Amino acid sequence: TLVALAVGVALLLWPAHADPNSSDMNERLKAVSELVGSTDQGALDTLDQLAGDAERRVAKAAIRALGSRADEASRLKLEQIVAKNENGDLRGTAAAELGNFEKTDHHILTNILLTDKDPEARAGAAKGLARLHDSAAVDAIVKALDDSDAVVRSGAFHALGKVTGRWFIFNPAASPEA
């Protein structure tokens, strides 16, 4: 009886790993959080799989986890998401995370900032440029201050301040004409 009790307690206290293939969204989210900080190829493959999850919260969490890694393979996965994903929110999340990588070409982000049809993607690109701190992107960021979307204008204003270290009076909530 004591052995059975000890085994039962051990099983309860033994850390169980979440299943990234579970039908339960919370289980997949837990799997993503367990993979944050992992640097092996298996973790990268699982995060890549979860970045395509049908549940947007899981996909965004996986994209952010990819952005927390420092390896070239993760940066390339984020570039693929930016280039191929049809969801603007997910493209924007990936664009923002690309700003964490020094080797990110600012042209990828400025192209999204200036030409993407989805304001969430453009806002994410502005956030990525703020993180990247590449002064070569200043002209594109200034152009984005005229964006039709206030969130994009706000992101561009923040990016411009972060990249140049200069802040000025600007109201992103005002119309672009103002």
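Keep in mind it's a predicted model, so treat the numbers as computed, not measured.
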How close do [X] and [Y] get, counting heavy atoms only, and between which atoms?
| X | Y | answer |
| --- | --- | --- |
| Leu90 | Ile63 | O-CD1, 3.9 Å |
| Leu113 | Ala126 | CD1-CB, 3.9 Å |
| Asp118 | Arg91 | CB-NH2, 3.6 Å |
| Asn100 | Gly67 | ND2-O, 3.3 Å |
| Asn21 | Gln49 | OD1-NE2, 2.7 Å |
| Ala61 | Leu29 | CB-CD2, 3.9 Å |

Any [X] side-chain heavy atom under 4.5 Å of [Y] side chain:
| X | Y | value |
| --- | --- | --- |
| Leu78 | Phe101 | yes |
| Leu47 | Arg69 | yes |
| Val138 | Leu160 | yes |
| Asp134 | Leu129 | no |

*Please assess Arg122 against Asp149 for the test salt bridge (charged side-chain N to carboxylate O under 4.0 Å, His left out), listing each intermediate value before the final yes or no.*
CA-CA 9 Å; Arg122 296 192 309 269; Asp149 188 86; 5.3 Å; no
*Phe168 vs Phe157 aromatic rings, parallel, tilted or perpendicular, using cut-offs 30° and 60°?*
perpendicular
Group every Ile, Leu, Val, Met, Phe, Trp and Tyr by side-chain heavy-atom contacts under 4.5 Å, then state whether [X] and [Y] land in the same group.
| X | Y | result |
| --- | --- | --- |
| Met25 | Leu35 | yes |
| Leu66 | Val36 | no |
| Val151 | Phe170 | no |
| Leu132 | Val142 | yes |

Nearest 0.5 Å, what's the [atom1]-[atom2] distance between [X] and [Y]?
| X | Y | atom1 | atom2 | value |
| --- | --- | --- | --- | --- |
| Asp71 | Lys77 | CG | NZ | 10.5 Å |
| His106 | Asn111 | NE2 | CG | 11.0 Å |
| Arg153 | Asn171 | CZ | CG | 8.5 Å |

Are any side-chain N or O atoms of [X] and backbone N or O atoms of [Y], one a donor and one an acceptor, separated by less than 3.5 Å?
| X | Y | answer |
| --- | --- | --- |
| Glu27 | Asp19 | yes |
| Ser22 | Asp24 | yes |
| Thr104 | Leu98 | yes |
| Asp105 | Ile108 | no |
| Thr46 | Gly42 | yes |

*Is Asp53 paired with Arg28 through a side-chain N to carboxylate O contact shorter than 4.0 Å?*
yes
_Arg131/Glu97 salt bridge by N-O under 4.0 Å criterion_ = yes
*Before giving the answer on side chain to side chain contact (heavy atoms under 4.5 Å, CB included), spell out for Leu44 and Ser74 the whole-Å C-alpha distance, their side-chain angles and the decisive distance to 0.1 Å.*
CA-CA 7 Å; Leu44 177 65; Ser74 296; 3.5 Å; yes
*Can you tell me if CD on Gln41 sees more than 12 non-hydrogen neighbours from other groups inside 6.0 Å?*
yes
_Crowding at CD, Glu72 (>12 non-hydrogen neighbours, <6.0 Å)_ =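 Yes, enclosed.
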*Sequence neighbours left out, what pairs pass salt bridge (Lys or Arg N to Asp or Glu O under 4.0 Å) with at least one residue falling in residues 55-64?*
Glu55-Arg57, Arg56-Asp89, Lys60-Asp89
